[in-house]
Structure formats: C-alpha cells, structure tokens
2 protein chains.
Amino acid sequence: MIYFNNGDELLLVLEALSNPQRLKIIAVLSEGRQYVSHLARELGISRPLLYLHLQKLEEANLVSSDMEILETGQAAKYYQLNDIHFVLNEQLIHDLSKSLSIKRKK
Amino acid sequence: MIYFNNGDELLLVLEALSNPQRLKIIAVLSEGRQYVSHLARELGISRPLLYLHLQKLEEANLVSSDMEILETGQAAKYYQLNDIHFVLNEQLIHDLSKSLSIKRKK
DNA sequence: TACATGTGTTATAAAATACTTACATATGAT
DNA sequence: ATCATATGTAAGTATTTTATAACACATGTA
C-alpha cells in the first residue's frame with residue numbers, strides 16, 4: 001500500500017502514471033519481472049524511450065531494478081513492480097495540497 | 001466512486017490529476033463550490049489559465065459547472081467537485097491496459 | 001460616463017515531455 | 001572477424017502542456 005508523505009510525493013506518482021506507455025509498462029511488469037531489451041521488444045518502443053519511462057516510474061518508486069546475468073552469460077537489467085496500490089479521494093487531495101509546491105522544474 | 005470503463009478513461013483522469021495547479025483547484029473546491037473569478041483570485045492564477053485547468057478537470061468528469069446569478073445581478077460560473085474516489089492497483093492497470101490506446105493527440 | 005466585476009476567446013510564448021537517431025561498450029556464438 | 005544480443009547515454013527534434021497578454025461583451029455602482 002502506497003503511503004504519501006506529502007503533496008509533492010502524490011504528484012510524482014500521478015505524473016508517473018499519466019502516460020499510456022508507462023501504464024503499458026506496468027501492465028507488462030504485473031505479469032512478472034522483465035529485462036529492458038525484452039520489454040522494449042514487447043512494447044514495440046525504442047530502448048532509449050523505454051529508459052526514459054522506466055526512470056520516471058523508478059523515481060516515483062513504482063518499479064525497481066536489478067542487474068542479473070542471463071543464461072547466455074550476458075548482463076541484463078531486470079525491472080519489477082513495487083506494490084502499487086492506493087486510494088485517492090478529495091479528502092486526501094485536500095490534506096496533501098498543503099504540502100504541494102507549485103514550481104518550475106528546471 | 002469512480003468506475004473506469006476502459007484504459008483511456010483511466011488515463012484521462014490520471015492526466016487531469018497530474019498537475020499541481022489542478023490538485024490545488026480540487027483542494028479548494030473540496031471546501032465548497034466556487035465561481036471562476038473568485039477561484040482565480042484565491043489560487044493566484046490568471047482566469048484564462050484557470051479555464052484551461054478547469055476544462056481538463058471537467059473533461060475527466062472530476063468537476064462540473066453551473067451558471068448562476070450573483071446577488072449583484074452579474075452572471076457567475078460556479079464549479080463544484082464531482083465524487084472523486086477510486087482505488088488504483090496493478091491488477092486494475094493490467095486489466096484496463098488492454099483498452100488503452102497509444103496515440104498522438106492532435 | 002467611468003469603474004469594478006463578471007464571462008469568454010484568441011493568439012502567442014515558454015517550458016516540459018516524449019521521441020528519434022546515433023553512438024559507445026561488453027558477451028557469447030558462428 | 002562478424003553477427004546477434006545486451007547495457008548505457010548524448011544530442012537533437014517534435015509534440016504537448018502550461019502560462020501570458022490582449023481582446024470582446026455584459027451588469028451594477030459611483
């Protein structure tokens with residue numbers, strides 16, 4: 001169960017989830033851990049793009065990764081889902097909005 | 001309780017929620033309905049910008065609006081929160097991802 | 001009449017996000 | 001050696017989102 005410490009954390013998760021490719025990534029990973037190149041093929045997107053999306057998911061703590069050696073002897077970076085489960089309602093948004101910052105990113 | 005008919009609907013809601021200004025708007029409206037100009041002052045943002053955000057929230061069915069005549073005799077557009085409450089987890093994302101489209105917007 | 005307060009829109013600029021192309025490195029198999 | 005597969009990243013482009021500025025019109029009040 002995801003617990004949000006503040007509004008910025010909530011926003012980070014919502015931003016990570018507000019993209020169709022990233023939802024697809026989560027859907028695939030919900031069937032089991034997978035390594036980057038395989039994921040890219042399965043989703044039909046380029047590896048650099050996949051990296052970008054995985055990075056956002058990782059920053060929001062929705063996925064995590066481990067390096068592993070494949071049977072072939074090659075290194076592979078495996079991604080897996082963290083526990084994604086939370087309730088969202090107006091009360092929560094109201095409470096967390098006090099610790100939500102409105103800022104430029106760069 | 002929000003029920004998602006398909007992945008695109010889920011995404012629409014997540015996109016609407018993935019912006020700090022819009023979360024603030026929801027937070028303010030959770031304390032009661034309010035009209036646009038008042039909202040803009042309270043949030044410290046311009047009316048055209050507020051319109052943009054309200055439009056996204058309305059498209060996602062998170063808020064709705066009514067025209068009303070103020071005591072002064074002027075027309076005012078009141079916005080109010082719809083019921084915002086849902087659970088999100090990997091199972092739901094997995095199921096809805098099948099009806100989620102990856103597309104350009106314009 | 002001029003001012004303050006509403007709604008509503010268009011055009012434009014700025015910032016952030018998404019995506020592509022090209023490259024570098026490493027391992028094992030043919 | 002060359003091919004196929006893996007990671008990783010830099011740089012440039014395209015698209016989308018966010019924000020601003022400038023209008024239009026209407027009502028009530030000083």
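Letters A, B, ... are given to chains in the order of the sequence lines, protein chains preceding strands, and every chain is numbered from 1. Because the structure is a prediction, the values reported are computed rather than measured.
- Heavy atoms of B:Tyr35 sit under 4.0 angstrom from primed sugar atoms or phosphate atoms, though from no base atom.
- In this structure, A:Leu50 and A:Val36 approach most closely via the heavy-atom pair CD2-O, 3.3 Å.
- Put simply, CG on B:Leu49 is 16 Å from P on C:dG8, counting in whole angstrom units.
- Within the nucleic acid shown, A:Thr72 comes within 4.0 Å of sugar-phosphate atoms alone, with no base atom in reach, counting heavy atoms only.
- Contact between the side-chain N/O atoms of A:Arg22 and the OP1/OP2 oxygens of C:dA18 is found at a separation under 4.0 Å.
- No side-chain heavy atom of B:Asp83 sits under 4.5 Å from any side-chain heavy atom of B:Ile2.
- Looking at heavy-atom distances under 4.0 Å, B:Arg104 makes contact with sugar-phosphate atoms alone, never a base.
- Between A:Ser46 and B:Ser37, the residue anchored nearer the 5' end of DNA chain C, judged by the nucleotide with its closest heavy atom, is B:Ser37.
- Taking only side-chain nitrogens and oxygens, A:Tyr51 comes nearer than 4.0 Å to OP1 or OP2 of D:dG8.
- Between B:Phe86 and B:Phe4, the ring centre distance stays below 6.0 Å.
- Distances shorter than 4.0 Å separate none of the side-chain N or O atoms of B:Gln21 from OP1 or OP2 on D:dT17.
- At least one side-chain nitrogen or oxygen of B:Asn19 sits closer than 4.0 Å to the OP1 or OP2 atom of D:dT18.
- A salt bridge links B:Lys105 and B:Glu15; the closest N-O separation between the charged side-chain nitrogens and carboxylate oxygens is under 4.0 Å.
- One atom, CG of A:Leu52, and another, P of C:dT17, lie 10 Å apart when rounded to the nearest Å.
- Distance CD (B:Glu58) to P (C:dG8): 10 Å, rounded to an integer number of Å.
- Atom pair A:Leu43:CG and C:dC19:P shows a separation of 12 Å (rounding to whole Å applied).
- A residue-by-residue look at A:Gln74 and A:Ser18 shows that A:Ser18 has its nearest nucleotide of DNA chain C further toward the 5' end.
- Per the geometry, CG belonging to B:Leu11 stands 14 Å off C1' belonging to C:dA18, to the nearest Å.
- Summarising the geometry, the separation between NZ on A:Lys56 and C1' on C:dA16 is reported as 8 Å, rounded to the nearest angstrom.
- Both A:Leu70 and A:Pro48 sit near DNA chain D, but only A:Leu70 has its closest nucleotide nearer the 5' end.
- For B:Glu42 and B:Lys24, the salt-bridge test fails: no basic side-chain N is under 4.0 Å from an acidic carboxylate O.
- Between B:Leu17 and A:Ile93 the shortest side-chain heavy-atom distance falls below 4.5 Å.
- Contact check, B:His53 against D:dT17: no side-chain N or O comes under 4.0 Å of OP1 or OP2.
- Distances from the side chain of A:Lys105 to the nucleotides C:dT17, D:dA19, C:dG8 place C:dT17 closest.
- Counting non-hydrogen atoms under 4.0 angstrom, A:Lys103 reaches nothing in the nucleic acid.
- The distance between atom CE of A:Met67 and atom C1' of D:dT5, rounded to the nearest whole Å, is 13 Å.
- Rounded to whole angstrom, the span from the CZ atom of B:Arg47 across to the P atom of D:dA22 amounts to 15 Å.
- Within the structure, every side-chain polar atom (N or O) of A:Arg41 is placed at least 4.0 Å from both OP1 and OP2 of D:dA4.
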